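Scroll down for the structure; my scribbles are underneath it.
Each chain gets a letter, A, B and so on, in the order its sequence line appears, and its residues count up from 1. Keep in mind the model is a prediction, meaning the values are calculated, not measured.
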Amino acid sequence: MSEPTDLTEFRREKMQNIADMGRDPWGQRFDGRTPIADIRALPAAKFDDAGPSGPKVRAAGRVVRHRTGGKLHFLELWDQTGRVQLMARINKLSPEDWKLLECLDLGDIIGVDGEFGTTKTGEPTIQVEQLTFLTKSLEPHPKDVYGLGDMEYRLRHRYLDMIYTPDTLRRAQQRVKIIRTVRNYLDERGYLEVETPTLHAIAGGAAARPFETHHNALDIDLFLRIALELPLKRLLVGGLEKVYEIGRVFRNEGISPRHNPEFTMLELYEAYGDLFSIMDLTEGLIVACVDSLGGGRALPCVSRQCVPVVSMRTCSANTLAVPGDAEGVQAAAAAAGLRLELRDDKTGTVTTKEHDVLVHELFEHRVEPQLAKSDQPIFVYDYPAALCPLTKRKRENPALAERFELYVHGMELANAYTELNDPITQEATFRRQLVGMSEEDSMAKMDEDFIRALRYGMPPAGGLGIGMDRLVMLLTNTTSIRDVILFPLLRPEKA
RNA sequence: GAAGGCGUAGCUCAGCUGGUAGAGCAGCGGACUUUUAAUCCGCUGGUCGUGGGUUCGAUCCCCACCGCCUUCACCA
């Protein structure tokens, strides 16, 4: 990548010096080390050459600081659990190890054996007695005290970001905890985790542009999945009563602080449930995730009483003061600066937007910003049915769908339905969606097999989708999805 | 896809209506056995994102391109 500079030349020289001493610059197996966090938890007394010695420890890690002196060096050793100071005194080391010490650069990986204790100033420290060289770092490391400022640099050198931006590693570890908590929570309640295909012949289950690919042997075009929904519902037909999948989905759309082209989704289906049983589950699940990180429940996401359940209609009416009739909505939409017409760029056709679409746009433009101001998580329900093709309609009002979304700090965190299991209605909504769809979107073809599966009979069910990346963002208090995805998509560097 | 901002040493950043670049840290040499942003003395380090243009002269002004960031659009 970068051309050799003087800085790397010096490191190469030192690598050669190490090899000339008969040490391996690339190291060997190193058994019996203790994680630095565990070492720091040991009882530590002040070093005393005359008195009894402290516990002998072995640690391995990366040198992230060093303060050299004539016959006394201080270093800092870093591993994934933390940092600890090393003290190297010339009279405690063999002459060979002292020579090796003088070949160390920032970023080298070493193993140490020594006594654990504290220095004069009380700093927990390993007094090094034996030094094992494990890996030479040939690239100059950033000086960590100022941190890494440039986001592009951090993303293109994520490995350095993990070492020198403590939050990056911490969040990666918290992400693991959260996902494991979700699995445990669901497993304990009898949900089966399954894996369904990533390559789909028809990209269904959501309305997003898919990535396209091609299978050579079958000579067919395939799509990376945009949702997990349709295969999982087939499993409900097949008799699995509680299923979930945590998997990567791919959407060929814009990149933003809340969107990455590939992201991790939880989808879950529960036979004989509905959106309210799912609401309970969602709360329990998220609370379990909050608790898994320790640090208490900073978010008021504890019980149903604390979580307002807001109807989209009520919400719209309160915030916008419009009646539920079509004229009122149109007037409010116009006042909000929304376009009332829909133009198809390909055909040039101009059509009036449907009432339901306008309600939804009003919601997004006028109500969502209000939700963002709320400290409380909010379940929003009573979505216009036209916006929810996979959702069962309310029996008492078929214009509304049995769907809720959970908003936290204005971010859509979860999306749930009472699932539509009526194949006749399902086919009709699919057909309605496909009418007038542009050529570009025609890959969202009717999934005939899914309809067929419904005709065989899918039990009434509740379903849930949670964007895991956004959940991690929420629980780790970050505002960019790039902070919770270790390798977000970037344009490749030029050669 | 649109608008705005940014790109200077290994890292973090200065650089004044245009006179071919500075600091701290890192690095190199030296001193130092209790430092922890160690300190002290000396030194090195740059195709100022890339390519054009204007100008006697461009890091600075103009154009194009590349990359990142922010907002918007897309994302039922």
query: Separation of A:F211 atom CZ from B:C74 atom C1', in whole Å?
result: 13 Å

message: Just the rounded figure in Å: distance from P of B:G10 to CD of A:E9.
response: 14 Å

- prompt: Mapping A:L104 and A:L489 onto RNA chain B by nearest heavy atom, which one lands closer to the 5' end?
  reply: A:L104

field: B:A73 and B:G1, which share atom name C1', separated by this distance in whole Å
entry: 7 Å

- prompt: For B:C68, does OP1 or OP2 lie under 4.0 Å from any side-chain N or O of A:H157?
  reply: no

- request: For side-chain contact (heavy atoms from CB on, under 4.5 Å), just list the numbers for A:L390 and A:F430, CA-CA rounded to whole Å, side-chain angles, deciding distance to a tenth of an Å, and then say yes or no.
  value: CA-CA 9 Å; A:L390 294 156; A:F430 275 174; 3.9 Å; yes

- prompt: Mind checking the C1' distance from B:U8 to B:C48? Whole angstroms is fine.
  reply: 4 Å

B:U34 base / A:E123 side chain donor-acceptor hit below 3.5 Å: no

- request: Rounded to whole angstrom, note down the C1' distance from B:G15 over to B:C6.
  value: 16 Å

message: Please classify the nucleic acid contact of A:Y153 as base, sugar-phosphate, or nothing, using heavy-atom distances under 4.0 Å.
response: sugar-phosphate

- request: Pick the C1' atom in B:U55 and in B:G19, then give their distance to the nearest Å.
  value: 12 Å

task: Give the rounded distance in Å between these two atoms: CD of A:E76 and P of B:A38.
output: 8 Å

- line: When both distances are under 3.5 Å in a Watson-Crick or G-U wobble arrangement, the nucleotide paired with B:U17 is none

task: Would you classify A:S256 as touching base, sugar-phosphate or nothing, given that sugar-phosphate means primed atoms plus P, OP1 and OP2, and contacts are heavy atoms under 4.0 Å?
output: nothing

- line: Between CZ of A:R258 and P of B:C72 the distance, given in whole Å, is 9 Å

statement: Separation between NE2 (A:H259) and CG (A:D469), nearest 0.5 Å, reads 11.0 Å

- request: Could you give the distance separating B:G53 and B:A58 at their C1' atoms, to the nearest angstrom?
  value: 11 Å

- prompt: Hey, does A:P257 reach any base, or is it just sugar-phosphate, or nothing, if we go heavy atoms under 4.0 Å?
  reply: sugar-phosphate

message: What's the closest nucleotide to the side chain of A:L7 if the choices are B:U35, B:C28, B:A26?
response: B:A26

task: Searching all strands shown, indicate the nucleotide that pairs with B:A23 (Watson-Crick or G-U wobble; both distances under 3.5 Å).
output: B:U12

task: Would you indicate what A:R154 reaches in the nucleic acid, counting non-hydrogen atoms under 4.0 angstrom: base, sugar-phosphate, or nothing?
output: nothing

Sugar-phosphate only, base, or nothing, as touched by A:K46 at under 4.0 Å among non-hydrogen atoms: nothing

task: Calculate the interatomic distance between A:F74 atom CZ and B:A37 atom P; express it in whole Å.
output: 12 Å

field: Candidates B:C11, B:U34, B:C28 - which lies nearest the side chain of A:L148
entry: B:C11

task: Round to a whole Å and report the spacing from CD of A:E102 to P of B:G29.
output: 10 Å

- prompt: Which residues pass the side chain to side chain donor-acceptor pair (under 3.5 Å) test with A:D221, sequence neighbours left out?
  reply: A:H214

message: Side chain of A:L106, heavy atoms from C-beta onward: which of B:U34, B:C68, B:A26 has the nearest atom to it?
response: B:A26

statement: Against the side chain of A:E253, the closest entry in B:U34, B:A76, B:C74 is B:C74

- request: Decide side chain to side chain donor-acceptor pair (under 3.5 Å) for A:D167 and A:T165; before the verdict, give the C-alpha distance in whole Å, the side-chain angles of both, and the deciding distance to 0.1 Å.
  value: CA-CA 5 Å; A:D167 279 348; A:T165 308; over 6 Å; no

query: What nucleic acid atoms does A:R482 come within less than 4.0 Å of, heavy atoms only: base, sugar-phosphate, or nothing?
result: sugar-phosphate

Distance-only donor-acceptor check, side chains A:D161 and A:T168, under 3.5 Å: yes

query: Could you walk me through whether A:Q85 and A:R40 pass the side chain to side chain donor-acceptor pair (under 3.5 Å) check?
result: CA-CA 10 Å; A:Q85 177 170 268; A:R40 292 185 66 108; over 6 Å; no

message: Any side-chain N or O of A:R67 below 4.0 angstrom from OP1/OP2 of B:U35?
response: no

- request: Identify which nucleotide among B:U34, B:C28, B:G27 has an atom closest to any side-chain atom of A:K14, counting heavy atoms from C-beta outward.
  value: B:C28

- request: Would you classify A:R156 as touching base, sugar-phosphate or nothing, given that sugar-phosphate means primed atoms plus P, OP1 and OP2, and contacts are heavy atoms under 4.0 Å?
  value: sugar-phosphate

task: Determine the interatomic distance between P on B:G46 and the same-named atom on B:C11; round to the nearest Å.
output: 13 Å

task: Both distances under 3.5 Å, Watson-Crick or G-U wobble: report the partner of B:G46, or none.
output: none

- request: Would you kindly say whether A:D20 and A:Q16 are connected by a side-chain donor-acceptor distance under 3.5 Å?
  value: yes

query: Taking any strand in view, what nucleotide pairs with B:C68 in a Watson-Crick or G-U wobble way, both distances under 3.5 Å?
result: B:G5

message: Could you tell me if A:R403 sits above the aromatic ring of A:Y383, with its cationic atom closer than 6.0 Å to the ring centre and no more than 45 degrees from the axis?
response: yes

Distances under 3.5 Å between protein N/O atoms and the N/O atoms of nucleotides 3-9 of chain B, please, pair by pair.
none

- request: Check whether any side-chain nitrogen or oxygen of A:K71 sits under 4.0 Å from OP1 or OP2 of B:U35, and answer yes or no.
  value: no

query: Nearest-Å distance, CG (A:L72) to P (B:U33)?
result: 8 Å

Pair partner, B:A38 [Watson-Crick or wobble, under 3.5 Å]: none

Whether A:F276 and A:Y381 hold their rings parallel, tilted or perpendicular, with breakpoints at 30° and 60°: perpendicular

message: In whole Å, I'd like the distance from the CZ atom of A:R432 to the P atom of B:A76.
response: 16 Å

message: I'd like the C1' distance from B:U39 over to B:U33, given in whole Å.
response: 15 Å

task: Look at all strands and tell whether A:N91 reaches a base, only sugar-phosphate, or nothing, counting heavy atoms closer than 4.0 Å.
output: base

query: Sub-3.5 Å donor-acceptor pair from the side chain of A:E419 to the main-chain atoms of A:G463, do we have one?
result: yes

- request: Answer yes if the side chains of A:T196 and A:E245 hold a donor-acceptor pair under 3.5 Å, and no otherwise.
  value: yes

- prompt: Which base sits across from B:C32 as a Watson-Crick or G-U pair, both distances under 3.5 Å?
  reply: none

message: Roughly how many Å apart are B:C25 and B:A37, using the P atom of each and rounding to a whole number?
response: 13 Å

